[in-house]
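Below is one structure; the comments refer to it alone.
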Number of protein chains: 4
Amino acid sequence: MSRQPDKRTAILLATLKLIAERGFHGTPTSMIAERAGVGVGTIYRYFKDKDQLIHTLYEELEAKNKAFVYQGYEEERPVLDRFQHLCRNIYRYLLANPLEFRFLEQYFDSPYGVAKMRQKLDSAGEPFHALLKEGKRQGLVKDMPPTLLFGLIFGPMINVIKDHDSGLLKLDEVLLERLIEATWDAIKK
Amino acid sequence: MSRQPDKRTAILLATLKLIAERGFHGTPTSMIAERAGVGVGTIYRYFKDKDQLIHTLYEELEAKNKAFVYQGYEEERPVLDRFQHLCRNIYRYLLANPLEFRFLEQYFDSPYGVAKMRQKLDSAGEPFHALLKEGKRQGLVKDMPPTLLFGLIFGPMINVIKDHDSGLLKLDEVLLERLIEATWDAIKK
Amino acid sequence: MSRQPDKRTAILLATLKLIAERGFHGTPTSMIAERAGVGVGTIYRYFKDKDQLIHTLYEELEAKNKAFVYQGYEEERPVLDRFQHLCRNIYRYLLANPLEFRFLEQYFDSPYGVAKMRQKLDSAGEPFHALLKEGKRQGLVKDMPPTLLFGLIFGPMINVIKDHDSGLLKLDEVLLERLIEATWDAIKK
Amino acid sequence: MSRQPDKRTAILLATLKLIAERGFHGTPTSMIAERAGVGVGTIYRYFKDKDQLIHTLYEELEAKNKAFVYQGYEEERPVLDRFQHLCRNIYRYLLANPLEFRFLEQYFDSPYGVAKMRQKLDSAGEPFHALLKEGKRQGLVKDMPPTLLFGLIFGPMINVIKDHDSGLLKLDEVLLERLIEATWDAIKK
DNA sequence: AATGAATGAGAGTTCATTCAT
DNA sequence: TATGAATGAACTCTCATTCAT
């Protein structure tokens, strides 16, 4: 048929869209193949099985996400600036990519992603982790376990974006800034 | 064989446990029946189908939950007191009933519960809703859409409890109070 | 509950109605019990199993039918008169009892009744059988195997009544007489 | 396993045989698959569900049947000739294909086929319909509703073939001609 | 005698995965 | 390398039948 330059990408994209739209159990491999414009068997040339396809999709999305979030991040700026910068970026990324958000949400809430999630957020190597640590040292941020601080930051984020995507709420630039401010209020000393 | 006094309850309990453990799609009706110590057919004497079984389980849990949460709630106390009271109760309930938390989480994140959740939290009739409204009127709470305030309150809650249940975090009374305080910081003016 | 004077009869009647309405496979025993106003278990006090219930119903209907058909039948009248008399009675009975017709039709066309049907129609003892034999002897009726003559008589009957019951055709007294006449034309020499 | 060149045909054939032998409700899909030498899932590659499989089988049989019946039919021949021609062809077809007869019988007597049957036989477009109309116009055929005439023709046919297939009757060429003659006697003026 | 809650065999259907082409 | 026809395990649900009350 048409010259598919990269079937692997087509499969991943189809998977993203379909799972965002219909959930894991609503998207059979045959449907993914159809949407991707490839044969069912082809999926198994690029991925061991359906699970691995989904894990791989997650990894790629994660990398893309991270690249975006830390873009323009400057270690030497004040803590609050950096906090706002990171939050803004995350919000913007997820609002701009609702499909990815829907997918990630499902991924983390399913047996697939339970393990993955924490390994990501809590890894001490993360700049965000380091930022909070520094904030605490400077006496700006509440002296709480990082996991709890993360909960105070990412918890609202997930909720609010979900509501935005479902139309319950209209997030604009102004509201976003106020939201980030409120999040800072929650963690600041 | 064994004289089960209340098979309906046994089925609901088995469903709760299994779905909390393994998710919706990981728990076939045959497994529920086995765990409940009844025949497969018996499930269908009490519930029209699997969907209805799950809805019913949700309804019953919801009622139990609500009864607990609004227990000892007094309209005439100050806004902050009432806020703390409700938050405390919700946290305590969910921490004491991790299976139910796990189930509700799945329920709300699945096609089953999307509609239900907001209808519940955002409905103007809810005391929590009224409380925030009053807080705003008194100039104590930020002037934001209620949906956003809910996100700032329940977002951290869901995250933190999940982390507690998965062992990532050890929540004690002290930490809980500090968490509720931080949540208040987020929404207070 | 209400004083059921004859549960057995109630069960048979419910079975007749339901099977006529919905077919064998559309009528579970539970439905029969409900319609009959008895418990499911009660059916099994009167009948060994569902098959036997249906066979019994057939037998009773058959007896009732036969009693009606041979009513007023006089051996000494001319062959044609007797033929018309019997046909008229059968037609009238089946038209007056569409439920029974529906049931019998299903019964004969199912594994249940294949054997039964012939045992009935071809038994040499039947007056109808004797009538045709006499008609042949008198040179009034075609010299064909009785089975074939029966086909020429009962075949149209079944078809026409089915069409009448389904509303495709409106049978009145006049049309009925013409139909019986046509049937006689088919078998007469 | 075995290289089946046409599984679809194998499935249809197995369905025909089994339903003729055992009725609709006596033939589970698993049995069809086994008899056809395919996996259960394969049935669903070719047919949406069991109903559609059966409808399709009917359509194909019907087409084959019709092709045979109207073979050699010449509009310009006399009415009686044409009547005999069609009857002969139908009889021959059904006698030569007892499985198809058994299947069609079941199909028409089940919820599947009620609508189909009349739509077919009575539709004004059918040559048989036109033939009877012409016969009436020429004063050869009794002035009765077509439905009734159809009953007089097809009623005996169904009965007699059933008896032949069940061994109650041995139809040969001679008997067949006499039967067609008798049918004509029934409808002729 | 009458009941109906309980049962599990068996129904129709789906879908991740394989493999001959 | 790419395909999609073929598969059967596993799913949800039905219903004739049993048996303790």
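None of the values given here were measured: they were computed from a predicted structure. Below, chains carry the letters A, B, ... as their sequence lines are ordered, and counting in each starts from 1.
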Residues passing the side chain to side chain donor-acceptor pair (under 3.5 Å) test with Thr9(D), sequence neighbours excluded, are Asp6(D)
Indicate whether OP1 or OP2 belonging to [N] is found under 4.0 Å from a side-chain N or O atom of [X].
X	N	value
Lys50(C)	dC15(F)	no
Tyr44(C)	dT17(F)	yes
Lys7(B)	dT7(E)	yes
Ser30(C)	dC15(F)	no
Thr29(B)	dT12(F)	yes

Detail all sub-3.5 Å separations between protein N/O atoms and N/O atoms belonging to nucleotides 8-10 of chain F.
residue: dG8(F); atom: N7; partner: Gly41(D); partner atom: N; Å: 3.3

Holding to salt bridge (charged side-chain N to carboxylate O under 4.0 Å, His left out), I want the full list of residues that pass it with Arg45(D), two or more places apart in sequence or in another chain.
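Here no residue qualifies.
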Could you check if a side-chain atom of Tyr44(D) sits within less than 4.5 angstrom of a side-chain atom of Thr29(D), using non-hydrogen atoms only?
yes
Side chains of Asn65(A) and Leu104(A), heavy atoms from C-beta outward: is any pair under 4.5 Å?
yes
Where does the angle between the aromatic ring planes of His25(C) and His25(D) fall among parallel (under 30°), tilted (30 to 60°) and perpendicular (over 60°)?
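Rings of His25(C) and His25(D): parallel, under 30°.
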Nucleotide dT17(F), atom P - distance to CG of Leu53(C) in whole Å:
10 Å
Tell me: CZ of Phe24(B) to P of dT12(F), nearest whole Å?
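My rounded result for the distance is 13 Å.
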When the nearest nucleotide of DNA chain E is assigned to His25(D) and to Tyr46(B) on a heavy-atom basis, which residue is associated with the more 5' position?
Tyr46(B)
Could I get the full list of side-chain contact (heavy atoms from CB on, under 4.5 Å) partners for Pro98(D), not counting sequence neighbours?
Asp165(D)
Run the side-chain contact (heavy atoms from CB on, under 4.5 Å) test against Glu34(D) and tell me which residues pass, sequence neighbours left out.
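With sequence neighbours excluded, Glu34(D) shows a side-chain contact (heavy atoms from CB on, under 4.5 Å) to no residue whatsoever.
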Hunt down any stem DNA chain E takes part in, defined as 3 or more consecutive Watson-Crick or G-U pairs whose two distances are each under 3.5 Å.
E:2-21 with F:2-21
Specify the closest pair of heavy atoms between Pro28(D) and Lys50(D), including all atoms of both residues, with the distance to one decimal.
CA-NZ, 4.4 Å
When you measure from the side chain of Glu100(A) to the backbone N and O of Leu61(A), does any donor-acceptor pair fall under 3.5 Å?
no
